[in-house]
Each structure stands twice: as structure tokens, then as C-alpha cells.
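Right, one structure below, let's go through it.
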Amino acid sequence: MSEKNSQQESPLAKTFDAQTIEPAIAELWDNANAFAAGAGHREGEESFTIVIPPPNVTGSLHIGHAFNNTLQDILVRFKRMQGKDVLWQPGMDHAGIATQMVVERQLMENQEPNRHALGRDNFIERIWQWKKQSGGLIFNQLRRLGASCDWSRERFTMDEGLSEAVLEVFISLYKEGLIYKDKRLVNWDPKLLTAISDLEVEQIETKGNLWHFKYPLEPGVSYRHPYILDNEGNKLSWRPSQGDPAGYEIRDYLTVATTRPETMLGDTGVAVHPDDPRYQDLVGKHVVLPLVERRIPIVADPYPDPEAGTGAVKMTPAHDFNDFDVGNRNNLRRINILTVDGNIHIKENDDFLEGLESTPELVDLISQLHGQDRFKARNIVLKMMETKGLLAKTENHTHMVPHGDRSGVPIEPFLTDQWYVNAEELAKPAIAAVREGRTSFVPKNWENTYFNWMENIQPWCISRQLWWGHQIPAWYGPDGQIFVEKSEREAQSAADAHYGKSVEINRDPDVLDTWFSSALWPFSTLGWPEKTPELARYYQTDVLITGFDIIFFWVARMMMAGLHFMKDEEGTPIEPFHTVYVHALVRDKNGAKMSKSKGNVVDPLELIDQYGADALRYTLANMAVQGGDVKLDPARVAGFRNFGTKLWNATRFAEITGVKYNSDFKPQDARLTINRWILAELSKSIEEITAKIESYRFNEAASAAYKFVWNSFCDWYLELLKPIFSGEDEDARAESQACAAYVLADIYKLLHPFMPFMTEELWQRTADREQLLCHAHWPTALDSDTEAADEINWLIELIGEIRSVRAEMGIKPSQVMALIITGADDKITKWIQMHANAIARLSRVEPVEIKESSPKGSAQIVIGKVNYFLPLEGIVDFVEERKRLEKELKKLDSEISRLDKKLGNERFVANAPERVVAEERQKLAGYQSQKEKMAVAHNRIKDMS
RNA sequence: GGGCGGUUAGCUCAGUUGGGAGAGCAACUGGUUUACACCCAGUAGGUCACAGGUUCGAGCCCUGUACCGCCCACCA
């Protein structure tokens with residue numbers, strides 16, 4: 001490294017040029033293969049593994065990725081510097097629907113044949129081509145961000161290896177009976193023409209109507225319908241809970257309500273609650289479904305709520321999840337009246353026509369409705385019902401309508417054959433693992449969300465009617481017999497064996513839900529099902545860092561898959577990770593989720609262009625509050641860019657003043673208080689930053705570093721070194737130069753996880769380093785040295801007071817004035833002598849003198865028992881000082897009276913811990929002695945002004 | 001309908017075992033020096049949403065209310 005990165009001749013530029021330096025540093029890391037698995041590993045240190053949440057192959061870096069990956073990188077770089085055997089496993093997700101949509105759109109834009117014309121194989125080939133050209137853009141963007149993944153290990157969910165894992169998992173779950181095929185209602189997306197899982201359904205509040213229909217009872221049947229009267233004597237519907245009804249009327253119809261009138265074409269029953277007194281006599285009778293004239297039964301089922309609506313509910317088992325269940329319990333027919341794309345299908349539909357007489361009215365109905373879009377059909381049905389006088393009432397009604405999260409159209413419950421995973425079974429060990437603390441969430445409250453979902457988990461529909469994805473390894477024999485095997489050849493021989501002769505088999509055309517392969521990510525990327533060395537070394541992974549929006553989609557499913565397939569030698573299941581760090585989503589300024597469709601996306605790449613990756617990362621780290629929302633304000637990015645510049649300039653100052661890294665410097669041997677002080681502050685910061693990163697409090701780690709660098713190191717340490725650097729004491733200068741270099745080097749290390757580019761650059765430029773900063777040893781704290789702190793804290797307080805007095809009294813900065821000290825003991829005297837230069841320089845006082853008696857006409861400062869005077873004669877009107885003292889005295893009075901009251905409270909003295917009481921007493925004494933001195937000063941000045 | 005989170009300075013937000021409320025930005029005053037105007041020094045600004053309760057003591061714990069946001073859910 002030394003030939004390339006030895007100290008460079010040219011001095012540092014005035015600011016850090018992120019545009020040119022960041023890419024150069026990225027290249028330096030690249031060439032050194034700095035992030036390969038195990039790079040920088042030190043003997044005896046364990047492994048540390050993170051798998052990246054695989055971005056979609058179609059994706060480009062959005063602010064959420066930037067946030068998520070910044071946090072991962074902070075942790076990964078931190079662990080790497082601790083000498084751990086680190087793997088940050090990168091990779092991408094094939095994102096079935098999203099990718100297929102992108103390429104289909106591209107075909108359309110290019111006016112090329114659509115996918116159906118192209119055919120399945122050609123289309124898939126086309127997607128691979130697209131991936132080669134435009135996929136994975138996001139990885140370059142992640143590199144710009146500084147993500148230190150082992151890029152050589154990049155995986156893709158459609159890779160051969162990962163596909164092998166998918167096959168293995170599917171087949172063994174099938175053979176265990178945990179994957180099965182079933183005909184039931186699914187969430188059907190009529191636009192994308194595929195089934196989707198419950199999680200891909202978004203409930204959207206929609207304003208609509210609730211229409212009340214009269215369904216005539218079959219001829220000869222009627223019943224007594226009770227009612228109550230309102231104050232005006234109007235008949236109101238009666239509910240079982242209301243006690244005795246006021247009266248009855250004879251009805252030959254039932255009223256049902258619906259938000260989806262068009263589904264009535266598929267009604268096959270009316271359900272009432274078995275205990276509902278209104279309808280008990282009707283159970284077992286029939287109604288005649290209007291328009292269609294189908295005779296359908298009235299059944300008793302616990303599902304209808306007698307308190308809601310009329311208590312009678314129309315049943316469409318083929319188009320509603322509840323009705324489906326009721327239908328199963330009561331043997332109701334299932335009549336599918338829709339096509340896959342959501343149009344009415346009642347012509348030549350045997351299910352629909354069964355049992356119907358072919359009347360002219362029916363023919364007319366069919367001709368009016370068949371082929372109509374479901375929403376148009378709704379209006380037509382409504383008109384028909386109204387015409388017949390069967391529309392009893394129309395109410396405004398706001399309700400949740402399920403929409404496909406990709407297509408944005410209302411989904412249809414649709415009766416199809418699909419593949420399911422028995423998630424309930426797989427969830428059991430996944431729940432236990434978290435309950436028993438083998439995997440824990442940070443922050444902990446997400447565990448409730450996890451449990452709540454896992455404990456109510458539904459079968460997971462994993463088949464998709466798409467082309468892009470892992471095709472389901474199932475083949476069908478002539479009679480529909482299923483053969484699930486690794487290859488067509490094996491399926492063929494299984495089929496041949498089954499039938500005892502050679503038969504033709506057909507592969508299931510469907511592909512698997514993308515999340516099926518993502519669920520395997522923590523072990524499939526390490527080579528499973530092969531027993532690779534990486535699998536042994538890096539599984540179990542350590543921390544999963546992810547947004548809460550994919551806890552269900554991804555985290556839960558990784559837990560299920562990991563615990564089912566990964567076992568140690570004794571067969572004990574191994575969780576995929578021991579910790580799940582859940583961060584907030586980056587939201588727009590209104591707190592809304594950012595999404596492309598809303599157009600409220602902040603582009604991290606623009607921020608990187610403008611401020612540099614380090615600045616963006618530092619900002620994001622500072623926003624990573626556990627449990628909090630993240631709203632991005634560009635002004636803050638600028639602020640943290642400024643912080644980088646500050647550090648840059650501190651280094652520049654060091655360079656100018658001969659600060660040079662010296663490996664002989666031993667911090668324990670530092671002699672000067674100022675050096676011992678900064679080393680103690682450094683140690684405190686090291687401890688704090690280390691602890692905060694380890695507890696995932698990234699914002700607190702970042703702000704601790706910020707304060708140390710800016711407030712302690714730059715504002716005070718470097719300022720206090722200036723007189724030493726320009727002074728005569730060569731030993732002091734040499735020690736300080738070495739010490740400053742030492743502290744700077746540790747600062748680079750401490751900041752490296754947060755701002756890797758600039759720190760690496762500075763590290764390389766400030767000394768002839770043996771290694772890259774990203775492999776340097778994370779610093780450890782020294783034994784604490786509190787002695788120095790007293791002295792420097794006194795100095796800081798004194799300088800601050802002098803500055804404050806000067807400013808308040810309007811003394812020009814250019815005005816140099818004397819400082820006279822009285823009442824100094826030996827210690828203070830020594831300190832004054834030691835720091836006279838610094839005091840003079842930083843607070844513009846000259847000379848600094850210790851005297852026996854106080855000068856006349858001075859501003860007065862009290863620190864501890866010592867008085868400090870600034871003679872004002874000829875400089876400023878005493879009135880100003882009088883006002884200032886009065887203000888001070890007022891403040892002291894209020895403090896003193898507050899403490900008096902508190903300490904006068906017997907119960908406080910009796911109940912509060914001794915420590916607290918003692919502290920308060922000490923404070924009070926301090927304020928009192930300060931007040932006495934101030935009062936003296938005030939009296940004196942009053943006489944003069 | 002169930003669950004979770006939020007309400008602290010003009011703005012964006014910190015505040016981990018209860019013991020005098022902080023940061024950044026913005027504002028105001030003023031800038032001499034061996035780095036930095038992306039800077040330095042100083043100043044001002046808060047009934048910690050509201051109402052009760054526990055406690056010697058509450059931004060923090062308990063109860064309730066209001067408003068905002070999110071997640072889950074099959075009410076026709």
C-alpha cells in the first residue's frame with residue numbers, strides 16, 4: 001500500500017471534494033479487495049454476517065435503500081474494524097411481477113410483439129437480456145453510497161444455485177405435506193391475471209353505497225316481520241336485543257344488503273343467524289333470486305350478525321371469502337360468474353345455467369350482462385332491480401375495498417386451483433424462537449407485531465400465473481395425478497412407474513411467489529443445499545436490518561424456512577439470525593410513505609451529488625432513532641456535510657502546524673494537562689460510541705462522535721494548542737503534535753463506519769499507513785484520567801465567562817483588557833500561570849495578573865471561590881456592568897430560593913437519596929458564595945455609576 | 001373493530017433505569033487570531049398536547065381526553 005498511499009506531497013485542499021475523492025477511495029477499496037469475506041479478519045475473532053435485503057433487480061436506489069444500507073454498512077465496518085470475520089452478502093431479487101411488468105412495458109414501447117406472441121421461452125430469454133443490460137443498476141449506486149458488501153459473492157434469486165435451493169425446499173415441503181394444491185378462493189388480480197397472497201392485498205377506504213334488495217320468498221311463503229315505532233310513529237327495523245317488538249307486518253320477501261350488486265347473479269343462498277327469532281321459521285325455505293329466478297335456500301349459520309343490517313345476508317360463495325365458508329358449511333352451490341379479467345360470464349356457463357329455465361327474460365338478462373365489465377354490470381343490475389321495484393333502499397357507505405398492491409385495481413375473490421404452504425405449521429417454531437429469545441427484535445415492540453401475525457397466519461398462496469420466476473416443479477399425469485420432482489426426467493419416470501406404462505405428462509405452468517425464494521436467502525446465498533464452507537462459517541447470520549414493512553413478507557418467512565431446513569449436528573434448528581433490527585421508513589415531509597406512484601420520492605443520488613455520500617450517510621445515521629419516523633430535510637444533509645468539512649480542516653490545521661503521526665507516542669505518557677484531557681475525552685467517546693453502535697443506537701453514536709470532534713477537539717483542544725505550537729517549549733510542542741495526530745487517527749477510526757470515504761482519505765494522507773482504515777483496529781479506551789479534566793474544565797469555564805461578560809457589555813473584540821485575579825489558592829495560581837497564554841489568546845485579555853486586592857471599577861466573575869476582574873475604566877460605562885450584575889443576582893436569587901424551598905422540605909430530605917440531597921446542598925452553597933461576591937461587586941459599582 | 005406510535009424552542013427532531021429541558025437549522029448581536037464564512041464568539045426562544053393520579057420530586061410512571069399517523073381485520 002505504501003507506494004500508492006504514502007503521504008502525498010500536495011497540501012490538503014480547502015474543502016473535501018466528494019465528487020472526485022469518493023470514487024477514488026471506492027477504487028482503492030476495490031483494488032485491495034477490501035470487503036471480501038473475511039478481509040481484515042484477526043485471529044481469534046468470530047464471524048459476523050449480514051445478508052442484504054435483496055433489492056429488486058428492477059430497482060434503483062431510493063432513500064429507503066440508502067437508509068437501510070447505511071445502517072448495515074455502519075455495523076459491518078464497525079465489526080470489520082474489530083477484527084471479526086465479516087461477510088456482508090449482497091444480492092438481488094428477481095421480483096416476479098415487477099420485472100415482468102417492466103419488460104412487457106418495454107416491448108410495448110418498442111412496438112414489439114407482446115409476451116404471448118413471443119411465447120414463454122422467448123419472453124424469459126428477453127427478461128434475462130434485459131437483466132444483463134439494465135438490471136442491477138442499484139449495485140453501482142450502493143457502491144457510491146460506500147456499502148462494503150463482498151461484491152464478488154453477489155447472488156440472484158434466479159441463479160442456478162438459488163434455484164436449486166428453491167427446488168429442494170419445494171419438493172421436501174411437498175413430500176412432508178406442508179405444500180399442497182387446493183381449490184379455494186384466492187385474491188385474484190384481474191389486471192395482472194394472477195393470484196396474489198393476502199399480503200399483496202391493500203385495503204383501501206372507498207366511498208360506495210350499500211344497496212338493500214328485496215328477495216321474494218318462494219310462492220306461498222311469508223312470515224311475520226317485527227318492527228318498532230319511532231317518535232313519529234314510523235316503522236323501524238327491530239333487532240333481537242331490543243326486547244318486545246312493537247308490531248308485525250306480513251312479508252313475502254327478505255331484505256338483504258350488498259355493496260356489490262353484480263355478485264347477486266352468483267347468489268346461491270341467504271343466510272340468517274340460527275337464533276334470530278325473525279327468521280327461524282324461514283330456515284329451510286327458499287327465496288327466488290330476482291332477475292335470474294333461481295330458487296335458493298335460506299340457511300342458518302352463525303356468520304350473520306342479527307344486530308347488523310337486516311340480519312339476513314345474501315350468499316355468493318364463489319365471490320366472497322365469508323360466503324365461501326358459509327357455503328361450505330351449508331352445502332351451497334358455488335357459481336362463478338366472472339372471467340379472469342373481471343367481466344361477467346353467464347353465457348354458456350353451465351354452473352350459472354344449471355337449474356334455470358331458458359325463459360325470454362333469462363335470455364335478455366344474459367344478453368344485457370354477459371361480457372360486461374364488473375363495474376358496468378353493477379349499474380345494469382341496479383337498474384334492473386330498481387325497475388322491478390326490488391331496490392328497497394340506497395345508503396351511502398364507506399368501506400375497505402381490497403386492491404392489488406402492484407396493479408392498483410380491486411381484486412376479486414376467485415375460485416381457482418393454487419399451491420399453498422401450510423404456514424400455520426411452519427410458524428410454530430418461528431414463534432417459539434422469538435418467544436424464547438433466540439431471535440430478538442430491536443426495538444422490542446415489533447415482536448408483538450410479529451406474534452400477532454404469526455399466530456393468526458393463513459395458508460400462504462405461493463403460485464403465480466406469471467412466467468418470470470421459479471416454475472413449480474410439478475407435472476400432471478393424464479388423470480391429473482401430481483408428480484413433484486426435481487426434473488422432468490424424474491417426473492416422467494415417476495409417472496411411468498405410477499401408471500405402469502409410458503404416459504404424457506405436462507408441467508404446471510405457474511411460478512412461485514418471489515418471496516418463496518427470498519425466504520431462503522440467509523442460507524441459499526451461502527450455497528445450501530450444498531454443504532459449503534461458507535455455510536459452516538457464516539450461518540447463523542447475525543443481524544438482519546430491515547424496514548418494518550417487510551416483517552411479514554420476508555422476516556417471518558425467513559424464520560419459518562430457516563428453522564425448518566437449517567439444523568446443527570444434533571438436529572436442533574438454527575434461526576437465520578439472532579437479531580432483527582427494525583428501522584422506520586423514510587417518509588416525505590407530510591409523514592406519508594414515499595412511493596413512486598405518489599411522486600414524493602427524494603432521490604438519494606441527487607443528495608450524494610450535492611453533498612457527498614458521507615454527508616448523506618451521516619445524516620441518515622443521525623435519523624436512525626429506534627422507533628421513530630424518519631423525515632428527510634436537505635438542510636440537515638448540508639449540516640453534516642459541514643461537519644465533514646470541519647474535520648477536514650482540522651486535519652489541514654494539523655498538517656500546517658506540523659502535527660505528524662508518530663508511532664512512538666504513548667498516550668499513557670502524555671505529560672501536558674491539555675493532552676491528558678483530550679485523551680480522556682477521547683476515551684469517553686470511544687466507550688460511548690462503541691456501546692451505542694453495539695446497542696444499535698446509531699443516532700446516539702453519531703452525535704457523540706459529532707460532539708467530540710467539533711466541540712471538544714476543534715473548539716477547545718486545537719484552540720488551546722495554538723499557543724503551544726507557537727510557543728518556545730519544544731518538548732511541549734512535540735508531545736502535543738504527536739498527541740493531536742494520535743487523537744486524529746482515532747477520530748478517523750471512530751467516524752469511519754459513518755463517513756468512510758473522507759476518513760479513509762485522511763487516514764491515507766496523514767501518514768504512511770500499513771493498512772487501509774477499513775481494516776484498522778477499532779480503538780479501545782484508556783484508563784480514565786479525571787485530574788486533567790478539572791483543570792481544563794476550569795479553563796473552559798473561565799474563558800467562556802470572560803467572553804460572555806465582554807459580549808454582554810458590548811466590548812469590542814479588538815479591545816484588549818486586563819484580567820486580575822484575587823483569592824487564588826496554590827492550585828489556581830499554578831493553573832493561571834500554566835494557561836495564561838491560552839486565556840489571553842482566547843478571551844482577548846492582557847495582561848493576566850494575580851493580585852492581593854480587587855481593582856476598582858471592574859466587571860467581576862466568580863468561579864468557585866476565586867474572583868476574576870476585568871477593569872472597565874476607560875472602556876465602558878459602569879452602568880452596563882451594573883445591569884449585568886443585577887441580572888446575574890436575580891438569576892442567583894431565584895436559584896437559591898428554589899433550593900432553599902426544596903431543602904427546607906423535610907420530606908425531600910427524608911426521602912430523596914442522600915446523594916441527591918448532598919448535591920443540592922453543594923449547589924446551594926456554591927450559589928450563595930457566588931451571590932455574596934456578586935453582591936459586593938454590585939454595591940461597589942452602584943457607587944460609581 | 002383491534003393493535004401500535006406520535007404530540008418537547010419558529011422548523012426538523014433528541015431526551016435508556018423519575019432528581020434543574022437539549023441538538024441542528026432558522027433568528028438576533030458581533031467578528032480580532034496558525035485550519036475552517038460549509039467558520040468563530042455571544043444572545044434570545046419551551047405551562048414538554050390537555051385533565052387527573054402516584055411520588056419529597058414527573059417530559060419520563062399510571063388513568064382518561066383530544067388531535068395526527070401507521071399496521072391488521074370477512075361486517076353483508
Side-chain angles (χ1 to χ4, degrees), chain A residues 12 14-16 203 210 256-260 271 303-305 308-316 320-325 397 399-400 402 413 445-446 448-449 452-453 456 548-549 551-552 584-585 587 589-593 611 615 622-623 625-633 635-636 638-657 695 697 699-700 703 706-707 714-715 718-719 721-723 725-726 800 803-804 806-808 810 812-816 841-844 895 898-899 902 905-913 915-917 919-920 923:
Chain A
L12 287 176
K14 217 170 171 185
T15 55
F16 173 69
Q203 302 288 344
L210 186 60
V256 297
T258 182
T259 55
R260 303 198 50 195
Y303 166 67
D305 175 2
T310 61
V313 186
K314 70 191 258 317
M315 287 293 124
T316 321
D320 181 283
F321 288 101
N322 289 309
D323 296 3
F324 182 81
D325 292 340
H397 185 63
H399 60 138
M400 301 301 261
N445 54 324
W446 287 112
N448 292 329
T449 306
N452 187 44
W453 190 70
N456 297 293
F548 62 78
D549 54 330
I551 289 178
F552 304 145
L585 300 186
R587 298 177 184 280
K589 47 183 178 273
N590 304 317
K593 198 166 159 176
Y611 300 109
N622 266 285
M623 298 193 305
V625 176
Q626 284 185 14
D629 271 2
V630 174
K631 295 185 202 169
L632 194 60
D633 181 358
R636 295 208 79 179
F640 290 112
R641 185 270 323 265
N642 296 354
F643 172 64
T645 308
K646 187 74 183 173
L647 174 64
W648 183 264
N649 276 291
T651 302
R652 212 157 72 89
F653 171 72
E655 192 176 63
I656 293 165
T657 52
S695 54
R697 297 182 179 275
N699 61 314
E700 295 179 20
S703 78
Y706 184 99
K707 279 184 193 146
C714 291
D715 286 350
L718 292 184
E719 290 303 326
L721 287 189
K722 284 177 181 175
F725 285 161
S726 60
R803 284 171 170 172
S804 180
R806 292 180 55 121
E808 261 180 86
K812 281 204 181 323
S814 54
Q815 173 75 55
V816 176
R841 177 189 198 96
L842 295 183
S843 49
R844 305 297 292 163
E895 291 297 300
R898 200 180 51 75
L899 285 171
K902 194 167 184 180
N905 182 348
E906 282 168 33
R907 289 188 301 177
F908 170 72
V909 180
N911 291 318
R915 179 186 56 82
V916 175
V917 178
E919 271 171 19
E920 300 292 84
K923 266 190 240 166

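Every chain is numbered from 1 and lettered A, B, ... according to where its sequence line falls, protein lines coming before strand lines.
Atom CZ of R806(A) and atom P of rG31(B) are 12 Å apart (whole Å).
Within 4.0 Å of L899(A), counting heavy atoms only, lies at least one base atom of the nucleic acid. Contact annotation for G639(A): no contact, since no heavy-atom pair falls under 4.0 Å across all strands.
For R260(A), the salt bridge (charged side-chain N to carboxylate O under 4.0 Å, His left out) partners are E262(A), E412(A), not counting sequence neighbours. Annotation: ring-ring contact (aromatic ring centres under 6.0 Å, His included) contacts of F552(A) (sequence neighbours excluded): W453(A).
Counting only Watson-Crick and G-U wobble pairs whose two distances sit under 3.5 Å, RNA chain B takes part in these stems of three or more pairs: B:1-7 with B:66-72, B:10-13 with B:22-25, B:27-31 with B:39-43, B:49-53 with B:61-65.
Closest contact between the side chain of L718(A) and the listed nucleotides rU32(B), rC75(B), rA35(B) involves rA35(B). Of the candidates rC38(B), rG19(B), rA14(B), rA14(B) carries the atom nearest the V625(A) side chain, counting heavy atoms from C-beta on. Of the candidate nucleotides rC38(B), rA14(B), rU33(B), rU33(B) has the atom lying nearest to any side-chain atom of R841(A). When the nucleotides rG19(B), rA35(B), rA76(B) are ranked by their closest atom to the side chain of I656(A), rA35(B) comes out on top.
Within the structure, every side-chain polar atom (N or O) of H397(A) is placed at least 4.0 Å from both OP1 and OP2 of rC75(B). Proximity of H399(A) to the phosphate of rC75(B): no side-chain N or O atom is located under 4.0 Å from OP1 or OP2. The side chain of N448(A) contributes no N or O atom lying less than 4.0 Å from OP1 or OP2 of rG3(B).
At a cut-off of 3.5 angstrom, the base of rA37(B) holds no donor-acceptor pair with the side chain of K14(A). R641(A) contributes a side-chain N or O that forms a donor-acceptor pair with the base of rC38(B) under 3.5 Å. No hydrogens or angles were tested; on distance alone, nothing pairs the side chain of Q626(A) with the base of rA14(B) as donor and acceptor under 3.5 Å.
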Which atoms of nucleotides 72-74 of chain B (N or O only) lie under 3.5 Å from a protein N or O atom, and what are those distances?
residue: rC74(B); atom: O2'; partner: N322(A); partner atom: ND2; Å: 2.7
residue: rC74(B); atom: N1; partner: N322(A); partner atom: OD1; Å: 3.2
residue: rC74(B); atom: O2; partner: N322(A); partner atom: OD1; Å: 2.8
residue: rC74(B); atom: O2; partner: N322(A); partner atom: ND2; Å: 3.3

What's touching nucleotides 56-60 of chain B from the protein side, N or O pairs under 3.5 Å?
residue: rC56(B); atom: OP1; partner: N911(A); partner atom: ND2; Å: 3.3
residue: rC56(B); atom: O2'; partner: N905(A); partner atom: ND2; Å: 3.0

Grab the N/O contacts between the protein and nucleotides 40-42 of chain B below 3.5 Å, and write none if there aren't any.
residue: rC40(B); atom: OP1; partner: K646(A); partner atom: NZ; Å: 3.0
residue: rC40(B); atom: OP1; partner: W710(A); partner atom: NE1; Å: 2.5

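The side-chain tip of K646(A) does not point at the ring of Y706(A) from less than 6.0 angstrom away and within 45° of straight on.
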